[in-house]
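Read the numbers this way: they start at 1 and go in the same order the structure lists the ligands and their atoms. Heavy atoms only: backbone and side chains are in, while hydrogens, waters and symmetry mates are out.
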Amino acid sequence: MTRTIFYTATSLDGFIADEPDASLDWLMSRQQDGNGPMNYDAFIADVGAVAMGRTTYEWILEHEKGAWPYAVPAWVFSNHDLREVDGDVRFVSGDVSEHHPAMVEAATGKNVWVVGGGDLAGQLADVGLLDELIVYIAPVFLGAGAPLFPRHQELALTELARNGEFACARYEVRYAADTR
Ligand SMILES: NC(=O)c1ccc[n+]([C@@H]2O[C@H](COP(=O)([O-])OP(=O)(O)OC[C@H]3O[C@@H](n4cnc5c(N)ncnc54)[C@H](OP(=O)(O)O)[C@@H]3O)[C@@H](O)[C@H]2O)c1
């Protein structure tokens with residue numbers, strides 16, 4: 001069954017990008033053990049669609065030098081006209097619940113990965129559509145930046161491990177009433 005998962009790295013104080021440059025140097029300077037717990041290769045093998053907001057999309061375009069890195073269909077949320085890439089990218093806006101069914105269908109039984117940012121993942125949780133969070137917690141405080149998840153959300157810890165320098169945690173999203 002398809003699950004919608006926010007898989008991301010965060011600083012210990014809950015930021016997924018630096019300020020003021022939205023830099024990920026604090027993350028890129030640290031290596032993940034590719035065979036370790038909750039590693040990216042194992043995670044991406046089960047991903048059938050991705051979703052992200054404009055800032056994350058623009059960061060990817062800049063840092064991948066225009067080469068689109070995902071082989072699966074992508075949903076990019078924005079209220080602006082964005083540069084197109086050579087890949088299966090759908091530009092959308094508005095209520096995430098209107099777009100989520102198409103992501104699930106495109107994923108053909110695999111998972112939907114919410115690449116970022118935290119508010120987009122939060123919008124999905126607001127309407128009961130986010131299943132899981134997997135966070136790689138880097139041993140650094142950033143003090144400010146793009147927030148990991150800017151709202152109150154109850155979670156249940158389901159897995160805890162170490163991968164290299166990172167503390168890795170998997171959480172099930174908890175809903176007060178079962179809205180799904
Ligand atoms: N640490 C990590 O592993 C990791 C992973 C992913 C991303 N990142 C970084 O984290 C930062 C995240 O940036 P961010 O917090 O600004 O979040 P973001 O989701 O990447 O971008 C926010 C933008 O997405 C658009 N958006 C979101 N929801 C929308 C909706 N429902 N309808 C229409 N547009 C919507 C809006 O764009 P408009 O302005 O066009 O309205 C909004 O300003 C980026 O710098 C990224 O590179 C880090």
For Phe149 and Phe6, take the angle between the two ring planes, folded into 0 to 90°, and tell me which bin it lands in: parallel under 30, tilted 30 to 60, perpendicular over 60. tilted
Residue-ligand contact Asp119/ligand 1, heavy atom below 4.0 Å: no
Would Glu132 and Tyr171 count as having a side-chain donor-acceptor pair, cut-off 3.5 Å? no
Are His80 and ligand 1 in contact, using a heavy-atom cut-off of under 4.0 Å? yes
Could you check whether any side-chain N or O of Glu19 sits under 3.5 Å from a backbone N or O of Leu142, counting only pairs where one atom can act as donor and the other as acceptor? no
What's the spacing between Trp113 CH2 and Met52 CE if we round to 0.5 Å? 7.5 Å
Atoms of ligand 1 less than 4.0 Å from Ala17 heavy atoms? 9 (C), 10 (O), 11 (C), 45 (O)
Closer than 4.0 Å to some heavy atom of Gly94 - which atoms of ligand 1 meet that? 30 (C), 31 (N), 32 (N), 33 (C)
Crowding at CZ, Arg151 (>12 non-hydrogen neighbours, <6.0 Å): yes
Is Val96 in polar range of ligand 1, meaning some N or O pair under 3.5 Å apart? no
When only distance counts, is Arg54 in polar contact with ligand 1, meaning an N/O pair under 3.5 Å? yes
Tell me the contacting part of Phe77 for ligand 1: side chain, backbone, both, or neither, using a 4.0 Å heavy-atom threshold, strictly below. both
Numbered in order shown, the ligand 1 atoms found under 4.0 Å of a heavy atom of Trp59 are 47 (O)
Among all protein heavy atoms, pick the one closest to atom 27 (C) of ligand 1 and tell me residue, atom and distance. Gln123 NE2, 3.8 Å
Hey, does Ala9 come in under 3.5 Å of ligand 1, counting only N/O atoms on both sides? yes
Give a yes or no on this: more than 12 heavy atoms of other residues, nucleotides or ligands lie within 6.0 Å of atom CG of Asp86. no
the protein heavy atom lying closest to atom 20 (O) of ligand 1 turns out to be Thr56 OG1, 2.6 Å
For atom 18 (P) of ligand 1, what's the nearest protein heavy atom and its distance? Gly117 N, 3.4 Å
What do you reckon, does Thr8 have a nitrogen or oxygen under 3.5 Å from a nitrogen or oxygen of ligand 1? yes
Please check if the number of heavy atoms outside Asp81 that lie under 6.0 Å from its CG is greater than 12. no
From Ile16, Leu24, Thr10, Val115 - option closest to atom 5 (C) of ligand 1 by heavy atom: Val115
Shortest reach to atom 22 (C) of ligand 1 by a heavy atom, considering only Thr55, Asp95, Leu120, Leu148: Thr55
Sub-3.5 Å N/O-N/O distance, Ala146 and ligand 1: no
For Ala22, counting its heavy atoms only, list the atoms of ligand 1 lying under 4.0 Å from any of them. 45 (O)
Look only at the side chain of Asn163 and the backbone of Gln32, and say whether a donor-acceptor pair between them is shorter than 3.5 Å. no
Check the pair Glu159, Arg170 against salt bridge (Lys or Arg N to Asp or Glu O under 4.0 Å), reporting the backbone distance first and the verdict last. CA-CA 5 Å; Glu159 189 179 349; Arg170 185 190 301 268; 2.7 Å; yes
Within a distance of under 4.0 Å, is there any protein heavy atom near atom 42 (C) of ligand 1? no
Gly118 near ligand 1, heavy-atom distance under 4.0 Å? no
Report the part of Met52 (side chain from C-beta onward, or backbone N, CA, C, O) that has a heavy atom under 4.0 Å from ligand 1; answer both or neither where that applies. neither
Taking atom CD of Glu64 as the centre, report whether more than 12 heavy atoms of other residues, nucleotides or ligands fall under 6.0 Å from it. yes
Should the pair Phe91 and Tyr57 be assigned to parallel (<30°), tilted (30 to 60°) or perpendicular (>60°) ring geometry? perpendicular
Can you label the angle between the His63 ring and the Trp59 ring as parallel, tilted or perpendicular, going by 30° and 60°? parallel
Between Ser93 and ligand 1, does any nitrogen or oxygen pair lie at a separation below 3.5 Å? no
